[in-house]
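Remarks on the structure that follows.
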There are 2 protein chains.
Amino acid sequence: MTDRTTPTTDKGAETRARILETALRLFLERGYDGTTMRAVAREAGVSVGNAYYYFASKEHLIQAFYLRTHEEHLAACEEPLRTARGFEARLLAVMDAKLTTIEPYHRFSGVLFKTAADPASPLNPFSAESLPTRRESTALFARVLEGSRVDTSSELWSELPNLLWVYHMGVVLFWLHDRSPERRRTRQLVAHTVPLIVRIVQLGNLPLLRTLTRRATRFLRELRETSGVDAGAVEPSGAD
Amino acid sequence: MTDRTTPTTDKGAETRARILETALRLFLERGYDGTTMRAVAREAGVSVGNAYYYFASKEHLIQAFYLRTHEEHLAACEEPLRTARGFEARLLAVMDAKLTTIEPYHRFSGVLFKTAADPASPLNPFSAESLPTRRESTALFARVLEGSRVDTSSELWSELPNLLWVYHMGVVLFWLHDRSPERRRTRQLVAHTVPLIVRIVQLGNLPLLRTLTRRATRFLRELRETSGVDAGAVEPSGAD
DNA sequence: CGGCAGAATTGAACGCGTTCAAAGAGAGTA
DNA sequence: TACTCTCTTTGAACGCGTTCAATTCTGCCG
């Protein structure tokens with residue numbers, strides 16, 4: 001959860017929202033380190049203690065960002081996933097939407113990732129706390145496949161949504177370190193790697209590579225199942 | 001660099017070493033957050049200000065850890081790389097050495113990675129500040145290839161050391177989140193992925209896959225060259 | 001109306017990482 | 001010895017995130 005206390009009164013909910021909006025605004029204006037909890041409280045018209053009544057820490061305010069971009073990304077994918085046909089076009093659309101969605105937050109994304117990378121942080125993408133979000137993301141990639149003409153008999157089929165999620169995390173990692181204007185290099189990375197992925201998935205069905213694919217798939221499943229934070233194999237038909 | 005000031009006198013060098021050793025000991029005893037700069041200074045018999053004279057920040061003390069494990073890893077690879085033959089055996093040996101080397105630091109590795117993940121941090125593996133270390137690592141993987149019987153005519157040849165370095169970073173990332181006893185899951189990951197990598201490299205030379213390999217290689221090189229922090233293509237013969 | 005329980009709010013205080021003006025120590029020079 | 005320059009060391013002070021005992025607000029019951 002993002003907050004320590006879910007407000008029970010309307011007034012409380014309003015205070016909480018005011019603190020959150022102020023924090024997000026200041027983060028964008030001054031960056032994470034440049035924003036103090038005292039400043040957030042002052043500009044929101046409350047005391048510091050009150051901010052901590054609704055948010056357990058400064059990091060938890062950042063988490064609100066993460067959730068916001070995630071939801072924006074889901075929304076931005078709706079239209080392309082309804083219209084686009086073919087694996088490549090659909091994957092490209094989803095990745096493009098991701099980069100467009102997170103672009104405004106690049107300047108302080110370092111802090112976001114910094115806390116997200118900490119295995120103990122609730123922001124960590126592998127943590128139990130962010131499991132719902134991860135499930136939604138994985139389901140998104142399942143939908144990418146669903147509308148594609150990818151051979152569903154492939155051994156890789158059931159593991160592909162998870163693999164694509166990992167790929168997408170890798171792209172975000174690259175994006176974080178991308179200092180080129182308008183994140184052109186990340187755009188290039190996507191433009192080059194998406195067709196590559198499409199080709200590899202196709203090739204995975206060749207008789208020559210069957211054994212390799214099977215071994216890889218079996219290991220991936222085992223890895224997922226022995227993990228404490230399994231997002232599950234996402235069957236396109238079962239995804240919501 | 002790890003320090004702000006390189007001591008010019010013997011006494012200064014001694015003080016610096018005492019602070020560093022105390023810090024590393026306390027980090028292991030109490031963890032990163034449990035260790036205060038005041039405690040480090042007290043136990044080292046100096047003032048807080050003095051600690052900051054030699055180390056720009058608490059994070060810079062952590063960087064000493066990183067450098068230490070890196071050097072331990074290089075040393076641990078010497079013997080296997082002299083004796084082991086074949087791509088698979090050599091890569092396995094290097095990865096095994098890595099996991100063994102970093103194991104003692106797993107309990108506070110979260111903090112290490114947390115700061116390392118920040119693009120602005122000097123600890124960041126992609127930063128200019130850690131370029132020398134990255135070069136050494138990449139050269140290590142070049143040596144893995146050097147003693148192997150991998151077809152050097154492969155388009156992939158010159159990019160492989162960099163790719164293996166990225167693979168090795170991925171394994172470390174996995175390791176950070178691995179809560180299994182003795183990091184068994186990471187060991188499994190290596191045991192399964194190393195043979196997979198060997199196979200893929202071999203397959204990359206098949207006529208059928210030539211085009212794919214060439215496209216991938218060209219993009220990798222371009223990516224590396226347009227990057228501000230290029231570790232360079234490491235030719236095995238030129239590696240030291 | 002009075003009283004009360006729980007939610008909401010306060011702000012002083014704590015411990016932390018970090019800074020900096022000032023003082024000390026030591027070596028070279030006249 | 002006295003002066004000076006640079007390297008080293010000091011510790012009080014600053015601003016930060018965070019905590020918590022105390023207070024105020026709010027709706028509800030008798």
Side-chain angles (χ1 to χ4, degrees), chain A residues 1-20 22-24 26-27 30-64 108 111-112 114-115 118 120-123, chain B residues 1-20 22-24 26-27 30-64 108 111-112 114-115 118 120-123:
Chain A
M1 282 296 142
T2 302
D3 50 337
R4 184 208 303 250
T5 302
T6 303
T8 56
T9 68
D10 284 357
K11 184 155 161 277
E14 202 186 296
T15 305
R16 184 181 182 281
R18 201 166 63 248
I19 293 167
L20 183 55
T22 307
L24 298 192
L26 292 186
F27 284 158
R30 321 177 181 178
Y32 183 77
D33 287 335
T35 305
T36 68
M37 288 301 280
R38 283 168 177 81
V40 170
R42 192 179 342 107
E43 302 228 0
V46 298
S47 66
V48 258
N50 201 6
Y52 280 92
Y53 182 73
Y54 290 108
F55 299 93
S57 73
K58 194 178 174 184
E59 282 190 11
H60 277 77
L61 283 167
I62 277 278
Q63 196 171 9
F108 64 89
V111 191
L112 205 159
K114 180 180 157 143
T115 64
D118 184 354
S121 166
L123 254 165
Chain B
M1 282 295 142
T2 301
D3 49 335
R4 183 207 304 252
T5 303
T6 302
T8 56
T9 68
D10 285 356
K11 185 154 158 280
E14 202 187 297
T15 305
R16 184 181 182 282
R18 202 166 62 249
I19 293 167
L20 183 55
T22 306
L24 300 191
L26 292 186
F27 284 158
R30 320 177 182 177
Y32 183 76
D33 287 334
T35 304
T36 68
M37 289 301 280
R38 283 167 178 82
V40 170
R42 194 181 338 108
E43 301 228 0
V46 298
S47 66
V48 258
N50 201 206
Y52 279 92
Y53 180 73
Y54 290 108
F55 298 93
S57 73
K58 194 178 175 186
E59 282 189 12
H60 279 75
L61 283 167
I62 276 278
Q63 195 172 7
F108 64 89
V111 190
L112 205 158
K114 180 179 158 144
T115 65
D118 184 354
S121 166
L123 252 165

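Everything numeric in this text was worked out from a predicted model, so none of it was measured. By convention in this document, chain letters (A, B, ...) are assigned in the order of the sequence lines, proteins followed by strands, and residues within each chain are numbered from 1. Values reported hereafter were calculated over all heavy atoms of this structure, with side chains retained and with hydrogens, waters and symmetry mates removed.
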#### Entry: Minimum heavy-atom distance A:K58-A:Y32, with the two atoms named
NZ-O, 3.0 Å
### Task
Mind checking A:G49 for me? I need base, sugar-phosphate or nothing, with any heavy atom below 4.0 Å counting as a touch.
base
### Task
Could you tell me the separation between the OH atom of A:Y32 and the C1' atom of D:dC16, rounded to a whole number of Å?
11 Å
### Atom-to-atom span, CG of B:D10 to P of C:dA27 - whole angstrom
11 Å
### Task
Can you tell me the distance, in whole Å, between the CZ atom of A:R42 and the P atom of C:dT9?
19 Å
### Query
Would one find a side-chain N or O of A:N50 under 4.0 angstrom from OP1 or OP2 of C:dA8?
no
### Query
When rounded to the nearest 0.5 angstrom, what is the spacing between OH in A:Y54 and OG1 in A:T15?
4.5 Å
### Protein-nucleotide distance (A:I19, atom CD1; C:dT10, atom C1'), rounded to Å
13 Å
### Task
Any chance you could measure A:I19, atom CD1, to A:L61, atom CG, to the nearest 0.5 Å?
8.0 Å
### Message
From the set D:dT18, C:dG17, D:dT9, return the single nucleotide nearest to any side-chain atom of A:M37.
### Response
D:dT18
### Protein-nucleotide distance (A:R16, atom CZ; C:dT9, atom P), rounded to Å
13 Å
### Task
Find the distance between NE2 (A:H60) and CG (A:L20) and round it off to the nearest 0.5 Å.
12.5 Å
### Task
Could you say whether A:T35 or B:V46 is positioned toward the 5' end of DNA chain D, judged by the nucleotide with the nearest heavy atom to each?
B:V46
### Message
Can you measure B:D33 atom CG to C:dC16 atom P for me and round it to whole angstrom units?
### Response
11 Å
### Message
Please confirm whether the shortest side-chain N or O distance from B:K58 to OP1 or OP2 of C:dC16 is below 4.0 Å.
### Response
no
#### Entry: Point-to-point distance, once rounded to the nearest 0.5 Å, from OG of A:S47 to CZ of A:R38
11.5 Å
### Which nucleotide in D:dT18, D:dT8, C:dA8 has an atom nearest any side-chain atom of B:K11
D:dT8
### Nucleotide of C:dT18, C:dT9, C:dA12 approaching A:V48 most closely (side-chain heavy atoms)
C:dA12
### Query
B:Y53 side chain: which of D:dT8, D:dT19, C:dG17 is closest?
D:dT8
### Query
Any donor-acceptor pair under 3.5 Å joining the side chain of A:R38 to the base of D:dG17?
yes
### Separation of D:dC7 P from B:Y52 OH (nearest whole Å)
23 Å
### Task
Go through C:dA8, D:dT9, C:dC16 for me and flag the one nearest to the B:T15 side chain.
D:dT9
### Query
Taking CZ from A:F55 and P from D:dT19, how many angstroms apart are they, rounded to a whole number?
15 Å
